[in-house]
Peer 1: 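Have a look at this one.
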Amino acid sequence: MVTDKRLSLSLYKKDGVEYDITTGLFSLDPKGIEWGERLFGYCKKQAEFTKMQI
């Protein structure tokens, strides 16, 4: 999650199955927030659109 004032990043555990809620990266530093924005942009470019039927 990246906002104009904060960065919060959590990842999956090494097994790739469970989400690790006990650890994460948090930053209020403008450089950390900028890095988070760049990471988001990179991931967005790599993403593939999937249309779902409901």
Side-chain angles (χ1 to χ4, degrees):
M1 205 176 358
V2 181
T3 70
D4 58 337
K5 296 183 180 183
R6 289 176 173 52
L7 163 69
S8 173
L9 177 67
S10 298
L11 301 170
Y12 283 90
K13 291 183 178 182
K14 287 183 180 181
D15 64 13
V17 178
E18 291 184 68
Y19 193 66
D20 191 352
I21 61 170
T22 63
T23 61
L25 298 173
F26 303 95
S27 181
L28 302 173
D29 187 295
K31 288 184 179 185
I33 295 166
E34 182 183 325
W35 176 82
E37 289 172 344
R38 287 195 324 266
L39 178 61
F40 174 80
Y42 171 80
C43 292
K44 186 176 178 182
K45 287 180 189 174
Q46 300 298 313
E48 294 181 17
F49 181 77
T50 302
K51 193 171 189 177
M52 296 177 61
Q53 277 187 313
I54 299 175

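Source: prediction; values computed, not measured.
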Peer 1: Going hydrophobic residue to hydrophobic residue with side-chain gaps under 4.5 angstrom, can you get from Met1 over to Phe40?
Peer 2: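 No, separate clusters.
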Peer 1: Which pair of non-hydrogen atoms, one from Leu9 and one from Trp35, has the smallest distance, and what is that distance?
Peer 2: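 Nearest heavy atoms, Leu9 then Trp35: CD2-CH2, 3.9 Å.
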Peer 1: Within this structure, what is the OG1-CD distance for the pair Thr3 and Glu37, rounded to the nearest 0.5 Å?
Peer 2: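 Interatomic distance, Thr3 OG1 to Glu37 CD, rounded to 0.5 Å: 9.0 Å.
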Peer 1: Count the heavy atoms of every other residue, nucleotide or ligand shown that sit under 6.0 Å from CZ of Phe26, and state whether that count exceeds 12.
Peer 2: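 Yes, the 6.0 Å shell around CZ holds more than 12 heavy atoms from other groups.
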Peer 1: Under a 3.5 Å threshold, yes or no: a donor from one side chain and an acceptor from the other, between Ser27 and Asp29?
Peer 2: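 Side-chain D/A pair, Ser27 to Asp29: absent.
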Peer 1: Test of understanding: clusters of I, L, V, M, F, W, Y form through side-chain heavy atoms closer than 4.5 Å, transitively. Do Leu11 and Val2 belong to the same one?
Peer 2: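 Cluster IDs for Leu11 and Val2 match.
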Peer 1: Shortest non-hydrogen contact from Ile33 to Leu7?
Peer 2: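 Closest approach of Ile33 to Leu7: CG1-N, 4.2 Å.
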Peer 1: Are any of the side-chain heavy atoms of Arg6 and Leu28 separated by less than 4.5 Å?
Peer 2: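 Yes - at least one pair of side-chain heavy atoms lies under 4.5 Å apart.
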